[in-house]
Amino acid sequence: MSKILVTGGAGYIGSHTVVELANAGYTPIIVDDFSNSEERMLTGISQILVHDVVCHKVDCTDAKALQEVFTKEGDIAGVIHFAAFKAVGESVAEPLKYYHNNVAGLVTLLQVMEANKVTRLVFSSSCTVYGIPEKLPVTEETPTQKANSPYGNTKKIDEEILRDVASSGSSLRTIALRYFNPVGAHESALIGELPLGIPNNLVPFITQTAAGLRDSLTVYGTDYDTPDGSCIRDYVHVVDLAKAHVAAIKRLEKEEPAAFEVFNIGTGQGSSVLDVVKAFEKATGKPFAYTTGPRRAGDVPAIYADVTKATQELGFKTSLSLEESLASSWAWQQHLGK
Ligand code: NAD
Ligand code: WQD
């Protein structure tokens with residue numbers, strides 16, 4: 001059973017990927033410093049798998065500690081690197097915190113991987129690298145644009161670092177997955193997203209409002225050039241997204257994989273904010289009251305993925321609908337409230 005090191009494996013997307021890796025016969029090894037997670041995520045993973053998963057409480061920017069993990073674990077067949085900070089607003093206020101964790105953390109990991117001759121890497125990138133696209137849907141050929149936050153810039157820089165390493169003749173083989181908007185939770189409701197403080201993201205804000213933790217959702221902008229005036233995104237179920245990581249690891253195991261590849265991971269469907277509210281009402285069978293407000297600074301009016309490349313080359317497919325995603329987010333919110 002090949003060991004796959006999962007940095008940030010106690011986080012939202014990482015925990016679901018750990019479960020899917022184990023389901024696919026891999027041995028996931030978590031590395032997480034718990035800067036944005038809690039022990040309960042490990043408990044949830046163990047309950048789902050009915051066995052414990054190894055977890056090293058280590059900061060990926062600490063080369064010595066990371067080396068100790070590689071030494072202790074021995075044969076590591078590949079790495080999936082989720083560990084990063086992701087709060088866009090916080091990155092504007094504290095850019096160095098983001099460049100240190102998201103950029104220096106990647107460089108440290110790459111150095112330790114190289115020293116240990118580990119050559120397979122799956123990297124968490126983001127649709128944020130496309131900025132405000134001129135044409136929809138976006139393909140992997142759509143030009144990337146100047147990032148509109150330090151967070152977004154760290155993802156652009158990280159991709160450039162990976163591309164430079166790939167063209168240096170290094171034996172590193174990387175697949176960068178550009179996620180669109182991950183939503184939902186595991187069907188067991190034992191793992192899910194743990195937003196810190198007041199959520200900025202739409203779905204946790206909706207579920208917290210429905211649970212009575214927030215007064216009301218404000219729809220940011222209803223005057224966009226979209227069918228109902230609200231912004232459009234591509235909301236992909238986190239379990240479908242997690243499975244894409246397993247597919248990426250399998251692709252890297254093939255003989256002579258390309259040195260660096262990127263794939264969009266979304267559903268290929270755009271949904272507006274008001275579509276999400278309606279789907280949430282359907283999923284819960286209850287009306288959901290919201291208010292409308294002005295546009296949020298920095299929001300992209302509309303973006304959704306062309307997933308042809310991931311479908312054809314990774315065998316990626318989505319099996320869970322927006323309504324199923326929202327029903328699972330709601331079940332997770334209720335589990336959190338218990
Ligand atoms: P998350 O915060 O839930 O998970 C990240 C995990 O990494 C957390 O458990 C945190 O404790 C850990 N971590 C952070 N810095 C670390 C460090 N230096 N060393 C060890 N562990 C560290 O976030 P997520 O939503 O699961 O995102 C995972 C990755 O996907 C991130 O790289 C994020 O930028 C990227 N991404 C997320 C989204 C999204 O909307 N959630 C979209 C696109 C890309
Ligand atoms: C979705 C839509 C909001 C909250 C962010 C990051 C991006 C990325 C994913 C990592 C938008 C609207 C939201 C609310 C609302 N991740 N909204 N009321 O903006 O697509 O992307 O997370 O790489 O980098 O920028 O996601 O969930 O914040 O917003 O109307 O209270 O919901 O305006 O149209 P976004 P989101």
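Ligands are counted one by one from 1 in listed order, and the atoms in each one are counted from 1 as well. Source: prediction; values computed, not measured.
Using a 4.0 Å heavy-atom cutoff, L194 is absent from the residues neighbouring ligand 1. Using 4.0 Å as the threshold, R296 has a heavy atom nearer than that to some atom of ligand 2. For N101, the heavy-atom gap to ligand 1 drops under 4.0 angstrom. Ligand 2 lies within reach of Y151, whose nearest heavy atom is under 4.0 Å from it. For Y224, the heavy-atom gap to ligand 2 stays at 4.0 angstrom or more. Ligand 1 is never approached by T7 to a heavy-atom distance shorter than 4.0 Å. Ligand 1 has at least one atom lying under 4.0 Å from a heavy atom of K155.
Close contacts between ligand 2 and S126 involve ligand atoms 10 (C), 23 (O) [criterion: under 4.0 Å to a heavy atom]. Taking every heavy atom of A10 and a limit of under 4.0 angstrom, the matching atoms of ligand 1 come to 9 (O). Each of the atoms 17 (C), 18 (N), 19 (N), 20 (C) of ligand 1 lies under 4.0 Å from some heavy atom of C60.
Formation of a donor-acceptor pair under 3.5 Å by the S91 side chain with backbone atoms of S149 is not found in this model. Using modelled atom types, no side-chain atom of K156 and backbone atom of T128 make a donor-acceptor pair closer than 3.5 Å. In this structure, the side chain of E193 does not engage the main chain of Y12 through any donor-acceptor pair within 3.5 Å.
For the residue pair Y235 and D275, no side-chain donor N or O sits within less than 3.5 Å of a side-chain acceptor on the partner. Side-chain contact, H56 with E68: no donor N or O sits under 3.5 Å from an acceptor N or O. A side-chain N or O of Q67 and one of T71 form a donor-acceptor pair less than 3.5 Å apart.
Qualifying side chain to side chain contact (heavy atoms under 4.5 Å, CB included) partners for R173, counting only residues two or more places apart in sequence or in other chains: L252, P257, A259. Residues satisfying the side chain to side chain contact (heavy atoms under 4.5 Å, CB included) test with K135, not counting sequence neighbours, are none.
The aromatic rings of H186 and H16 sit tilted, their planes meeting at an angle between 30° and 60°.
When heavy-atom distances to ligand 1 are checked against a 4.0 Å cut-off, S125 comes that close only through its backbone atoms N, CA, C and O. Proximity of V203 to ligand 2, defined as any heavy-atom pair under 4.0 Å, is not found for any part of the residue. Counting heavy atoms under 4.0 Å from ligand 1, residue F34 touches it through the backbone alone.
For atom 1 (C) of ligand 2, the nearest non-hydrogen atom from the set F205, Y220, Y235 belongs to Y235. Of the candidates R295, K155, R233, it is R233 that places a heavy atom closest to atom 20 (O) of ligand 2.
Taking atom 14 (C) of ligand 1 as the reference point, the nearest protein heavy-atom neighbour is S35 OG, 3.3 Å.
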